[in-house]
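Scroll down for the structure; my scribbles are underneath it.
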There are 2 protein chains.
Amino acid sequence: MSDVARVAGVSLMTVSNVLNGRPNVGAETRLRVLEVVDELGYEINLTARRLRTGRTGTVGLIVPRFDHQYYSELAARISDALAPEGLHLVVEQSGANRERELSALSLARLQQYDGVLLSAVGLDFRDLDRIHPDVPIVLLGEQDVPDRYHSIKMGNVAGARLATEHLLAGGAQRIAVLGGRLDAPHLDMASSRAQGWADALDAAGLDPDPQLVIPLEFFSIAEARSAIADRIAGGLAVDGVLGVTDEIAIGAMSGLRDAGRTVPDDVQVVGFDNLRVSEHVLPGLTSVDPGHDAMVAEALRLLRRQMEDKGAAPEHVVSDVALVERGSTRRPR
Amino acid sequence: MSDVARVAGVSLMTVSNVLNGRPNVGAETRLRVLEVVDELGYEINLTARRLRTGRTGTVGLIVPRFDHQYYSELAARISDALAPEGLHLVVEQSGANRERELSALSLARLQQYDGVLLSAVGLDFRDLDRIHPDVPIVLLGEQDVPDRYHSIKMGNVAGARLATEHLLAGGAQRIAVLGGRLDAPHLDMASSRAQGWADALDAAGLDPDPQLVIPLEFFSIAEARSAIADRIAGGLAVDGVLGVTDEIAIGAMSGLRDAGRTVPDDVQVVGFDNLRVSEHVLPGLTSVDPGHDAMVAEALRLLRRQMEDKGAAPEHVVSDVALVERGSTRRPR
DNA sequence: CCGGCGGGGTATAACGTTAAACCTCGCGAT
DNA sequence: ATCGCGAGGTTTAACGTTATACCCCGCCGG
């Protein structure tokens, strides 16, 4: 910048003023400066600007994995929603293991953003309590979180219940919850969706059979596929599967086919998340739609509120869920 | 940091030295400093460090869309590969439209990273020529790029040819290339894969029928699905489909089913990218594997080379492709 | 004719680090 | 006795911006 100033024969501040469109610069001067900028190929140093101003124009999104579709769709939605406001999204992967999660979460890293959207499944309360950043944060979450954070939660229990009721209405009696768990220390995604499943069965006067709760470690398609196929090969009787995510449900459909079952005639399948691809797999996957757009809109609203007013009182929003019926389940009779 | 220094009764530099594990700090002093750091909850300001040192420990990956699976899988792979080296990956979306692409590409933004992996489809030569950054860059690319950049290219032509030959071997005669185009100004992904298709047909003594080149705008599953269904409804005779990406091929399978065709009996389908999900759709999607791990490894090698030696001569690597056969195509007879 | 004011512009001091030079011991070798 | 040296530490000057205060000049109203 000082090179530009020298060549243009003005002061540093004038160059800065021109570049930032500030007033009190003469028209000729402005033109001359812009010319020199172009000529020298000068580009502003965002790091220095950030150090000086404290603003970055950048929002960070932290997700456990880039390659879980739910997160990549989320990232795309948020990025698109942020663009009109002149804000930029950058995405970081916190990773499966704790060490990397903590490193991504270190206050130091978070402070590089004007605001942070944190979608951290593995995270537990104590980690969150350790950090008390002055960066605006919104937790996008599946699990319960400390009250002092702003948060958007999915209607996990309600959605899983809706899905399970739909399976029951279609005639299913033995519904497995693939990827679920019942004994989690905190109410995380896997356990709250399993909870919705149990609630629906209870309400229907059925006993949730622990055998039908099939935990998964990585929540991947491949893992889900082999898990359900193995159980069936092991003699488990099943006529409905609630995948705790769409990816798991997609894996389940393949696994059921591996095991010689047809969907939806032998076994109905329903997923959770309503991913874009779910409409296009064969048969189309019935899924719980968590209201993506509303979640994103709310998340950004909470973020903006904090950016404008540091002391804004935490809000906790729970998104509405809805069931999207497709070919992997039978219409209620 | 100066607070820490004052409370610990040492100089700023000593605190800095402790925090960076530099020598020439006494054991007691080190301990005392660390205590105070903890007590005050001090966290280093990465922006200031970056301004001073010029290093960030961060690599940027710029992709057109987060929610195209190919890119999210790529991001995950790269992030995983970078972690052991103590480098951090952040991902930015350049977006579909030119304006946002240019903004993501502004030298200013790129300079925030120690290195940049650029996977920009929409980009044309002139954009790339405008920037001549001193940040190490590797182009991950589908299209031809200026020689002065380091680049990793997929074996697009070879892969598409392989796939088409496989369809021919399985007995297909009228093979559509969904998402392809032949008249592109530059050899981008869509046109180089279409080129491979044309090459294979030529070699087999068949005439590439322009009707069978079905261009797409967004390369989305939904678009592919309706495009193929519409063509078939319009009377197009087809017994093989080469989707230029796996997502397109997945859409094609749904569209074929919508049109009353079965896969692979009526129509064989093959994709390109070998996404994780492709193994698990029904039927399994035959796909061209572009050698993901090798590409990532090479990309990082080129990046490191530039980081270590600014003036390193540009290298251009083309990845090896391989066909992965699954249920969406017939075995050669 | 003077005071005030606004347009155009500049000088200076930060923002929070770290590289580099430098300082001061105490100790062992000469 | 002196020198060199290394361990432990400090001082200073950047890195590239921008906020703030300030300066100068011409013009307008009273």
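In what follows, chains are A, B, ... by sequence order, proteins preceding strands, each numbered from 1. FYI, side chains are in, hydrogens and waters are out, and symmetry mates aren't considered; it's all heavy atoms of this structure.
Here the C1' atom of nucleotide D/dT17 and the CD atom of B/Q111 are 14 Å apart, to the nearest Å. Atom P of nucleotide C/dC15 and atom CD1 of B/I44 are separated by 16 Å, given to the nearest angstrom. Whole-Å rounding puts the B/L19 CG to C/dG16 P distance at 15 Å. Protein atom CD of A/E43 is 11 Å distant from nucleotide atom P of D/dT17, rounded to whole Å.
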Give every donor-acceptor pair under 3.5 Å between a side-chain atom in residues 25-37 of chain B and any protein atom, sequence neighbours left out.
unit_1	atom_1	unit_2	atom_2	d
B/R30	NH2	B/R22	O	3.2
B/R32	NH1	B/A8	O	2.4

Using atom types as modelled, flag every donor-acceptor pair under 3.5 Å from a side chain in residues 310-317 of chain B to any protein atom, sequence neighbours excluded.
unit_1	atom_1	unit_2	atom_2	d
B/K310	NZ	B/D134	O	2.8
B/E315	OE1	B/R301	NH2	3.0
B/E315	OE2	B/R301	NH1	3.4
B/E315	OE2	B/R305	NE	3.1
B/E315	OE2	B/R305	NH2	3.4
B/H316	ND1	B/Y149	O	3.4
B/H316	ND1	B/S151	OG	3.1
B/H316	NE2	B/D147	O	3.0

For a quick test of your reading: what N or O donor-acceptor pairs under 3.5 Å do the side chains of residues 46-55 of chain A make, sequence neighbours left out?
unit_1	atom_1	unit_2	atom_2	d
A/R49	NH2	A/N20	OD1	3.3
A/R50	NH1	A/Q112	O	3.4
A/R50	NH2	B/Q112	OE1	3.2
A/T53	OG1	A/R49	O	2.8
A/T53	OG1	A/R55	N	3.1
A/T53	OG1	A/R55	O	3.4

B/S/- along nucleotides 4-11 of chain D (protein heavy atoms under 4.0 Å) is ---SBBBB
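Residues meeting the side chain to side chain contact (heavy atoms under 4.5 Å, CB included) test with B/M1, sequence neighbours left out: B/L12, B/V15, B/S16, B/Y42. Residues meeting the side-chain hydrogen bond (donor to acceptor under 3.5 Å, both in side chains) test with A/T245, sequence neighbours left out: none. With sequence neighbours left out, the side-chain hydrogen bond (donor to acceptor under 3.5 Å, both in side chains) criterion links B/N45 to no other residue. Evaluation of the side-chain hydrogen bond (donor to acceptor under 3.5 Å, both in side chains) rule for B/D3 yields B/R6 as partners, not counting sequence neighbours. In terms of the side-chain hydrogen bond (donor to acceptor under 3.5 Å, both in side chains) criterion, A/E39 has no residue partners (sequence neighbours excluded). Remark: B/A294 pairs with no residue by the side chain to side chain contact (heavy atoms under 4.5 Å, CB included) rule, at least two apart or across chains.
Near DNA chain C, defined here as any heavy-atom distance below 4.0 Å, the residues from residues 45-56 of chain B are B/N45, B/A48, B/R49, B/R52, B/T53, listed numerically.
The pair A/D80-B/R65 meets the salt-bridge criterion, with a side-chain N (NZ, NE, NH1 or NH2) lying under 4.0 Å from an Asp/Glu carboxylate O.
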Using nucleotides 21-26 of chain C, report all nitrogen or oxygen pairs with the protein that are shorter than 3.5 Å.
none

